[in-house]
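Numbering of ligands and ligand atoms starts at 1, following listing order. Basis for what follows: all heavy atoms, side chains included, without hydrogens, waters or symmetry-related copies.
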Amino acid sequence: MNMLAKDFGDDFLWGVATAASQIEGAATTYGRGASIWDTFSKRNGKIKKSHNPEIACDFYHQYKTDIALVKTLGFKIFRFSISWSRILPEGRGSINAEGIQFYHHVIDECLKQGITPYVTLYHWDLPETLAKHGGWTAFSINADFIAFVTLCAKTYGDKVKNWIVINEPFGFTSLGYMLGIHAPGETGLTNFFSAVKHTALAQADGGKILRAEVDNANIGTTFSCSEIIPYTQNASDLLAAKRIDCLMNRLFIEPTLGMGFPTAGWDVLEKFAVSHSLWRYQERMTFDFDYIGLQNYFPLVIKYNAFIPVIQAWEVKAKSRKKPHTAMGWEINAESFYNIIKQFAAYPKVKNIMITENGAAFIDKLIAGRVHDEDRIEYFKLYLAAMLKAKNEGINITGYMAWTLMDNFEWAEGYDARFGLIYNDFKTQERTIKDSGLWWKDFLSEGNRK
Ligand code: BGC
């Protein structure tokens, strides 16, 4: 395939994405307060091999060389997130000046190296003190989030113009408040739906604050998205797939577009809307984002299953369907990437789409100073081609960010799931650009004619 970066247009934006808890380290120093991931990782059996984010990639100390690596690879955008408890150790109230300074340094370094910072305000690391007050299930979280966003906007708004309010609201509300497999480890539908409501409010509140505080801001937020494929065309499988689509794809974007929650798709959502009087908040949940960030990792094949409470749906895994998959067991299916982009682009109010995360974990081996990750190169080629197809059909896709700069703390998977374009040796913190990183470098410099 003869795909070139310039096929995407001269103004197409290429970037690489990260998140604070996954890379920064320095979790207990320089005045930082604990986040829910610090405490969650101390709970038995929650994180593979009892790994924790205390040191992670030590980005806190190595940000200069890491930003230089972003540049070496040819990316023009560096996406990172602000650790709420680094600047507000208790989540609210007193400010940690050292934390504030740290992000000034990171932003200044980006600007000095000609890299545009894209700043995520919330990438899953709630301050532990706020979790004690109920976290995202508590009514008070919205006032705290407003104060946090206002502080960030006023502090960095002169230098940072590109913002992402929330990373994957469905991701952390479902994994952290319904299934209990991510921090803070809460479970059950009551917690989940309270968290959904407050997160949907925070998403729009955040956008409105940025609009008011930052001149010429380019404001986005991100959604995880997965094509939902019914296992068969039987009515029961079709309905099960529809329920999962409501949850995984529609739950957070539709309120922000002014459409309310997708209650017509599933009676459980209807009950949630009624019991929380959500009609009262419709306007507050609406915000006209400048761009919508989509993050795609896998499609899901869904089958009806009467034994699963509430959703009565079951995922038929890629492995059991004998489909190619990554080290996470996630199906490699670029066609589904194309399909889900089209699904989101079909909302009339979505003005422009940025792919704010896409990438894959494979079993990488560092041998004689090289990581030959051909599988990851193939993955990117397939997914970029699918994105180009959508773009060429007229979908307004303005940029793409690869996940992720370097191997990092992959949440409940600990350090074993490697998604990076750069290999990290977690003992020495030595970085080695993988072959996929070199491929990106070639691709972005137009040197590659593959
Ligand atoms: C998250 C990242 C995560 C990636 C791979 C996304 O859902 O935003 O933080 O590392 O998926 O699991």
Side-chain angles (χ1 to χ4, degrees), residues 15-25 35-37 40-41 47-48 51-53 56-57 59 77-84 118-126 163-179 181-183 199 203 220-227 247-249 251-253 292-300 318 325-332 336-337 340 344 354-364 376 379-380 383 400-422 424 426 436:
V16 72
T18 64
S21 270
Q22 296 184 272
I23 61 167
E24 278 180 11
S35 91
I36 51 174
W37 278 94
F40 187 67
S41 62
I47 309 228
K48 279 198 185 148
H51 288 166
N52 66 62
C57 304
F59 175 80
I77 288 174
F78 179 50
R79 174 182 167 199
F80 61 91
S81 73
I82 292 181
S83 151
W84 187 338
Y118 270 62
V119 173
T120 312
L121 288 163
Y122 186 74
H123 201 129
W124 302 0
D125 48 351
L126 190 74
W163 296 86
I164 290 169
V165 176
I166 289 183
N167 183 71
E168 294 190 0
F170 179 72
F172 77 85
T173 52
S174 61
L175 299 172
Y177 288 92
M178 179 165 57
L179 301 173
I181 54 180
H182 272 198
T199 305
Q203 181 175 265
T221 198
T222 76
F223 301 103
S224 49
C225 59
S226 287
E227 189 194 3
L247 266 184
M248 295 189 63
N249 294 318
L251 190 62
F252 284 96
I253 190 167
I292 292 298
L294 294 188
Q295 318 205 143
N296 176 257
Y297 288 93
F298 46 78
L300 285 180
H325 52 84
T326 69
M328 303 284 285
W330 297 347
E331 183 176 343
I332 301 171
S336 80
F337 183 41
I340 198 69
F344 275 73
M354 254 189 124
I355 306 304
T356 37
E357 276 185 34
N358 170 241
F362 290 105
I363 311 288
D364 295 324
R376 189 173 284 106
Y379 177 97
F380 281 124
Y383 276 69
Y400 174 95
M401 301 185 202
W403 184 265
T404 179
L405 178 63
M406 58 196 155
D407 299 335
N408 59 29
F409 175 71
E410 175 52 35
W411 310 115
E413 299 293 318
Y415 292 100
D416 284 354
R418 293 179 176 272
F419 277 86
L421 306 181
I422 295 171
N424 193 36
F426 291 100
S436 59

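Aromatic rings of Phe172 and Tyr122 (six-membered ring for Trp) have centroids within the 6.0 Å cut-off, being under it.
The aromatic rings of Trp411 and His123 lie parallel to each other, with less than 30° between the two planes, well short of the 60° mark. Classification of the Tyr379-Tyr383 ring pair by plane angle, with boundaries at 30° and 60°, yields parallel.
Under the salt bridge (Lys or Arg N to Asp or Glu O under 4.0 Å) criterion, Glu410 pairs with no residue, sequence neighbours left out. Taking the salt bridge (Lys or Arg N to Asp or Glu O under 4.0 Å) definition, one finds that Asp125 meets it with nothing, sequence neighbours left out. With sequence neighbours left out, the salt bridge (Lys or Arg N to Asp or Glu O under 4.0 Å) criterion links Glu357 to Arg79.
Protein neighbours of ligand 1 below 4.0 Å, counting non-hydrogen atoms: Gln22, His123, Trp124, Asn167, Glu168, Gln295, Tyr297, Trp330, Glu357, Trp403, Glu410, Trp411, Phe419.
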